[in-house]
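Some notes on the structure that comes next.
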Amino acid sequence: METLAPDALERRKHVKIEGLKELPGDHSKVVLRFAPNPNGPLSLGHSRGVVINAEYARIYGGKVVLRFDDTDTKVKPPIPDAYHWITEEYEWIAGRPADVIIRASDRMPTYLKYAKKMIRDGHGYVCRCESDKFRNFRSLKEECPCRNKGCDENLSEWEEMNNGEILEGGAVVRVKTDMSLPNPALRDWPALRIQHNPHPLVGDKYKVWPLLDFQSAIEDHEQGVTHIIRGKDLMDSTRKQTLLYNHFGWEYPFALYWGRVKVHEFGGFSTTSMRDSISSGIHEGWGDLRLPTIKALQRRGFSPNSLKEFWIDLGLTQKDISVPMKTLESFNARIIDSGTERRSFVGEPIEISLVGELPEYEINLPRHPEDSGVGDRCWKLGDRIAIQSSDFESGKLRLKDFADITLSDSRGVIDSIEKSDGRKIIHWLPLDCARNARLITPHGKEIIEIEGLLEDVDLVIGNVYQLERVGFARLESFQEDSTAILIWLHG
RNA sequence: GCUCGUGUGGUGUAGUUCGGUCCAUCAUGACGGACUCUCGAUCCGUCGACCCGGGUUCAAAUCCCGGCACGAGCACCA
């Protein structure tokens with residue numbers, strides 16, 4: 001060591017530890033879970049959960065359970081399409097499908113079974129108090145009258161709840177903890193409530209539905225989850241569920257937390273508010289470029305690896321953070337740049353006639369400046385070309401990779417083919433090689449569409465190109481009139 | 001009100017468990033330069049931080065006490 005690298009021993013002062021920290025506990029059979037509500041497709045915020053869980057599963061050779069927490073039919077009702085959207089988006093982000101996929105709504109018999117057992121064992125009870133009345137008991141650390149009912153009475157009321165004899169709001173099943181607990185959130189917390197709304201997938205078969213804390217607790221145990229990674233807003237859920245696990249004699253998984261994330265450009269990630277903005281027509285749909293959805297990121301051409309590197313770099317901390325999209329974009333740019341071919345896009349074009357000795361040849365430009373292996377793009381030269389109106393200034397310009405010209409009105413006099421001085425270099429396009437195009441760019445609350453001309457050489461729908469002097473964009477489609485639709489990615 | 005959590009450069013992040021090897025890591029950003037027939041890439045340089053106040057100690061980002069700030073939970077949402 002000392003002879004091979006004498007100063008390696010000293011120089012190793014501060015090294016940043018890359019990657020995720022070690023998971024606590026046993027690593028031999030790691031089971032994690034990602035549990036979204038299928039009330040919409042996945043957002044950029046969700047992708048943190050996918051990345052972190054999938055990465056830990058990869059590190060330890062463990063599994064990830066993708067679980068649809070769809071037990072609310074009223075406040076955040078599930079969207080049937082969201083189940084397959086999320087399944088596919090999970091796979092896209094993680095680079096592999098989830099190991100186990102379950103829907104909470106399919107597992108109702110299990111939840112109801114445990115609920116009944118809890119009541120029978122005296123660890124839970126049917127509470128008929130109105131919510132604000134119970135709230136009052138809770139704040140006073142007093143027990144509500146329902147708490148000391150006999151087991152038989154609880155059980156018969158439980159049956160009434162399930163039969164639909166008790167209306168919504170008429171009863172709730174509570175986990176018996178301790179009304180004198182210092183943390184008010186833990187005092188006899190609600191486990192199941194009545195919902196008569198039909199569930200979009202299982203209909204009106206069930207009248208009693210578990211709340212998140214109960215459903216999630218039971219299912220984590222059923223699936224053998226060893227590590228729960230969740231937002232720190234759910235810390236009290238851990239404490240509530242630990243109390244429930246004690247009733248059942250189960251051992252609670254390790255829980256890890258992350259703080260709230262905001263992105264400067266988008267703020268938070270509320271599926272519900274996105275849903276509202278779509279139904280009210282403010283946004284065009286879940287793939288609207290202004291929305292922080294995975295669908296929008298896919299349309300723009302982000303690499304799933306950029307999400308992975310981004311979230312792993314951010315790590316798993318409990319700090320509430322706000323990061324700029326620029327950070328994600330720089331990860332993405334680094335990933336895609338070497339494999340992204342260049343093309344010319346002239347926005348808001350102005351036609352120019354070339355005057356002078358027009359060489360009778362084709363111009364060969366590299367598809368990638370640092371990678372000759374991908375070959376050239378070939379332009380047939382004509383005397384009609386287009387330049388960007390923002391570059392139009394009467395005077396001396398260099399048409400990139402072609403010629404020095406002097407511009408006056410809409411005529412470009414060729415001064416020389418060789419680069420003769422330090423004049424401004426602009427991108428351009430022979431009209432013969434151009435196709436109409438529209439570059440669509442999200443800009444805050446607006447969507448900006450720039451009409452222009454795109455170099456019409458080997459265009460493949462779905463590919464990302466770097467538009468010279470403009471930035472990265474994904475070719476989304478050709479319209480019927482053959483106009484190319486480009487979606488802006490980043491600079 | 002009660003309970004819980006977090007505070008390191010503009011933004012993130014490493015280091016905090018077991019004080020010294022930290023005049024504090026890395027990335028991103030901003031600024032400047034080199035190179036390049038893209039405003040991309042690459043390369044070089046510069047800027048910039050331990051919430052505050054005490055205490056313990058030879059030594060504190062790290063331990064203790066007290067403040068302050070921010071966030072969250074106390075939903076018949078997830």
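In what follows, chains are A, B, ... by sequence order, proteins preceding strands, each numbered from 1.
G32(B) and C44(B) make up a base pair, with Watson-Crick or G-U wobble contacts both under 3.5 Å. Summarising the base pairing, C68(B) is matched to G7(B) through a Watson-Crick or G-U wobble pair whose two defining distances lie under 3.5 Å. When both pairing distances are held under 3.5 Å, A61(B) makes no Watson-Crick or G-U pair with any nucleotide shown.
Using a 4.0 Å heavy-atom distance criterion, Lys21(A) is classed as a sugar-phosphate-only contact. Residue contacts shown for Leu234(A) include a base, since a base heavy atom lies under 4.0 Å away. At the heavy-atom level, Arg135(A) lies under 4.0 Å from the strands shown only through sugar-phosphate atoms. As judged by a 4.0 angstrom heavy-atom cut-off over every strand, Ser338(A) is placed among residues making no nucleic acid contact. Backbone-only engagement by Ile321(A) is indicated by non-hydrogen atom pairs under 4.0 Å involving sugar-phosphate atoms exclusively. Nucleic acid contact for Thr317(A): sugar-phosphate only, since backbone atoms but no base atoms lie under 4.0 Å from a heavy atom of the residue. Nucleic acid contact class of Gly259(A) (heavy atoms, under 4.0 Å, all strands): none. The residue Pro36(A) sits apart from the nucleic acid: no heavy atom pair falls under 4.0 Å. Ser237(A) comes within 4.0 angstrom of nothing in the nucleic acid, heavy atoms only. Nucleic acid contact for Gln318(A): sugar-phosphate only, since backbone atoms but no base atoms lie under 4.0 Å from a heavy atom of the residue.
No donor-acceptor contact under 3.5 angstrom links the side chains of Trp209(A) and Thr73(A), judged on distance only. No hydrogens or angles considered: a donor-acceptor pair under 3.5 Å links the side chains of Glu165(A) and Asn163(A). Using a 3.5 Å distance cut-off with no hydrogens or angles, the side chains of Asn162(A) and Tyr206(A) do not pair a donor with an acceptor.
Spacing between atom NZ of Lys207(A) and atom P of C76(B) amounts to 21 Å, rounded to whole angstrom units. Following rounding to the nearest Å, Phe402(A) (CZ) and U38(B) (C1') show an atom-to-atom distance of 18 Å. Atom NZ in Lys16(A) sits roughly 12 Å away from atom C1' in U8(B) (whole-Å rounding). Rounded to whole angstrom, the span from the CG atom of Leu399(A) across to the C1' atom of U38(B) amounts to 14 Å. Distance, Glu329(A) CD to G40(B) P: 13 Å, rounded to whole Å. Look at NZ on Lys326(A): it is 17 Å from P on U11(B), rounded to the nearest Å. Remark: P of G73(B) and CG of Asp320(A) are 11 Å apart, rounded to the nearest angstrom.
When distances run from any side-chain atom of Ser131(A) to the nucleotides A27(B), C76(B), C4(B), the shortest one goes to C76(B). Closest approach to the Lys400(A) side chain among C37(B), C39(B), A14(B) is made by C37(B) (side chain taken as heavy atoms from C-beta onward).
When the P atom is compared between G29(B) and A24(B), the two are found 23 Å apart, to the nearest whole Å. Nucleotides U11(B) and C63(B) have their C1' atoms positioned 30 Å apart, rounded to a whole Å. A gap of 29 Å separates the C1' atoms of U46(B) and C37(B), to the nearest Å. As rounded to the nearest Å, G45(B) and G12(B) have C1' atoms that lie 23 Å from one another.
Put simply, the residue from Arg367(A), Arg342(A), Arg377(A) that forms a salt bridge (Lys or Arg N to Asp or Glu O under 4.0 Å) with Asp458(A) is Arg367(A). When the options Lys396(A), Arg423(A), Lys419(A), Lys424(A) are evaluated for a salt bridge (Lys or Arg N to Asp or Glu O under 4.0 Å) with Asp404(A), the one that passes is Arg423(A).
The residue among Asp401(A) and Val323(A) whose nearest nucleotide of RNA chain B is located toward the 5' end is Val323(A). When each of Asp233(A) and Gln388(A) is assigned the nucleotide of RNA chain B with its nearest heavy atom, Gln388(A) is the one assigned upstream, toward the 5' end.
Arg239(A) forms no cation-pi arrangement with Tyr252(A), by the criterion of a distance under 6.0 Å to the ring centre and an angle within 45° of the ring axis.
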